[in-house]
Amino acid sequence: MRNTLKNFAMGTCAILLSGNFHLASADMGSDTEILLNWAENTYPSYFPTHQVTQNIDPWIFRHYPDTGIYAGVNKNDGNVYVMGGPWGDNPAVISPLTDLIAQINNSGGNGGIPACNTASAPAGLTYTQSGNVVNVTTNGSCIPLPTSNGFCQIPQQSSASGISILTTSNITSSAINGITITIPGIPNPFESLVNNFASGKHCTVNAPAESANLIVNSDICFDITTALGSIPDSIPGILTITPPVTFALKDTVTSQTVADCFTTDAETIYNAFTNEVWIKKDGSFEKVN
């Protein structure tokens with residue numbers, strides 16, 4: 001049991017000793033959600049299958065019936081406890097909640113979102129979750145443009161859930177800096193291109209239950225200088241490029257349960273169980289893998 005506790009807390013100790021961490025939110029409820037989601041992804045042998053968080057004073061906790069383990073936070077002292085399995089029949093203290101949240105934030109928080117596969121997320125993106133709302137941010141920095149616009153990719157499922165989820169992206173604001181169009185009345189064509197990259201509708205077959213009604217808010221900035229390739233620095237009287245060229249975006253992606261992805265107006269369909277993908281072509285869906 002001592003070795004298990006030591007392994008569970010080891011990452012936190014390393015972060016604390018380095019001094020490179022920032023304070024987490026004071027909201028114990030949302031921090032507990034982040035922690036337990038992270039624990040499920042990081043230690044699946046102890047905390048298998050996403051469970052609903054329960055609140056019975058003074059505890060905020062989840063129960064994992066497959067392993068008989070309880071994990072949660074005591075609201076009176078702010079500590080994280082685990083009980084059952086190798087931890088025995090009495091609650092064993094692991095660490096203060098604030099310390100573990102600091103570890104998660106320092107690593108980008110990418111392990112804390114059960115409805116999102118963030119393993120391939122680009123460096124510089126930070127994820128947090130409160131209830132059914134996921135927030136994605138680059139924290140005011142501009143990172144290289146990723147090849148995918150899915151910042152909250154649904155993870156592949158080990159069984160068919162029978163749940164179909166349609167996601168819709170709504171851009172609230174966007175701006176390109178570093179490119180100036182000098183012809184009056186002509187809109188910036190590059191802004192239209194990157195808006196198309198971020199927007200759209202996508203549908204997932206056999207989605208996990210926790211992705212239903214999920215809301216993903218993004219406040220991000222990309223450096224698209226390299227993506228522009230061999231475009232000249234300027235075209236006299238038409239275009240001026242002053243690197244770095246950046247694209248800032250704020251958008252909200254909403255999710256809704258649908259009966260059949262193939263009857264929606266989605267542009268792409270992904271089966272999270274079989275890993276099959278379809279794209280809409282000439283008004284019908286065409287399988288691409």
Side-chain angles (χ1 to χ4, degrees), residues 1-12 28-75 78-97 99-101 103-104 107 109-121 127-134 152-165 204-214 255 257 270-275:
M1 183 175 79
R2 290 179 180 175
N3 288 336
T4 303
L5 294 174
K6 181 179 179 181
N7 291 337
F8 187 71
M10 188 177 295
T12 301
M28 185 174 291
S30 61
D31 281 355
T32 301
E33 289 290 314
I34 292 170
L35 170 71
L36 295 177
N37 291 341
W38 170 81
E40 289 175 359
N41 289 341
T42 308
Y43 299 95
S45 60
Y46 297 122
F47 315 110
T49 311
H50 178 62
Q51 299 296 323
V52 175
T53 304
Q54 303 179 55
N55 196 325
I56 301 176
D57 282 336
W59 298 98
I60 307 173
F61 68 97
R62 291 180 189 171
H63 175 226
Y64 298 88
D66 290 345
T67 57
I69 292 175
Y70 292 81
V73 174
N74 186 304
K75 291 186 284 186
N79 283 325
V80 176
Y81 291 81
V82 181
M83 183 177 73
W87 287 275
D89 297 332
N90 296 311
V93 65
I94 301 299
S95 176
L97 174 63
D99 290 357
L100 288 174
I101 290 298
Q103 176 192 356
I104 295 169
S107 65
N110 292 355
I113 313 299
C116 301
N117 178 9
T118 59
S120 59
Y127 294 79
T128 57
Q129 181 176 14
S130 178
N132 70 320
V133 179
V134 174
C152 183
Q153 299 278 12
I154 290 179
Q156 187 168 3
Q157 301 298 294
S158 59
S159 61
S161 68
I163 300 172
S164 295
I165 303 292
T204 301
V205 181
N206 291 317
E210 53 266 19
S211 64
N213 301 315
L214 194 70
S255 304
T257 304
Y270 168 60
N271 189 317
F273 174 50
T274 64
N275 209 32

Applying side chain to side chain contact (heavy atoms under 4.5 Å, CB included), run through Val73 and Tyr81 and close with a yes or a no.
CA-CA 6 Å; Val73 174; Tyr81 291 81; over 6 Å; no
Set out, in order, the CA-CA distance, both residues' side-chain angles and the distance that settles side chain to side chain contact (heavy atoms under 4.5 Å, CB included) for Leu35 and Asn37, then state yes or no.
CA-CA 5 Å; Leu35 170 71; Asn37 291 341; over 6 Å; no
Can you tell me if CG on Asn275 sees more than 12 non-hydrogen neighbours from other groups inside 6.0 Å?
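Buried by this count: over 12 neighbours within 6.0 Å.
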Report yes if some heavy atom in the side chain of Phe61 is under 4.5 Å from a heavy atom in the side chain of Met83; otherwise report no.
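The answer is no; the side chains never approach within 4.5 Å.
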[X] to [Y] - nearest heavy-atom pair and separation:
X: Thr204; Y: Ala272; answer: CG2-CB, 4.0 Å
X: Ser211; Y: Pro208; answer: OG-O, 2.6 Å
X: Tyr64; Y: Ala71; answer: CE1-CB, 4.5 Å

Step by step, work out the side chain to side chain contact (heavy atoms under 4.5 Å, CB included) result for Met28 and Asp31.
CA-CA 5 Å; Met28 185 174 291; Asp31 281 355; 5.6 Å; no
Would a distance-only check, ignoring hydrogens and angles, find a side-chain to backbone donor-acceptor pair under 3.5 Å from [X] to [Y]?
X: Asn79; Y: Val93; value: no
X: Thr32; Y: Ile60; value: no
X: Asn206; Y: Ser161; value: yes
X: Asn132; Y: Asn213; value: yes
X: Arg62; Y: Gln51; value: yes

Please assess Trp87 against Ile94 for the test side chain to side chain contact (heavy atoms under 4.5 Å, CB included), listing each intermediate value before the final yes or no.
CA-CA 10 Å; Trp87 287 275; Ile94 301 299; 3.7 Å; yes
Between Trp59 and Tyr70, is the gap from one ring center to the other below 6.0 Å?
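Between Tyr70 and Trp59, which both carry aromatic rings, the centre distance is not below 6.0 Å.
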So, taking the atom named CG in Leu97 and the one named CG in Asn74, what distance separates them when rounded to the nearest 0.5 Å?
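Taking CG in Leu97 and CG in Asn74, the distance rounds to 11.0 Å.
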Gap separating the OG atom of Ser255 from the CD1 atom of Ile165, nearest 0.5 angstrom:
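So the OG of Ser255 and the CD1 of Ile165 are separated by 6.5 Å.
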Qualifying residue, where the test is side chain to side chain contact (heavy atoms under 4.5 Å, CB included) with Tyr46 and the options are Ile69, Thr67, Val82:
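Of Ile69, Thr67, Val82, side chain to side chain contact (heavy atoms under 4.5 Å, CB included) with Tyr46 is met by Ile69 alone.
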Below 30° counts as parallel, above 60° as perpendicular, anything between as tilted: where do the rings of Trp38 and Tyr43 land?
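It falls in the perpendicular class, over 60°.
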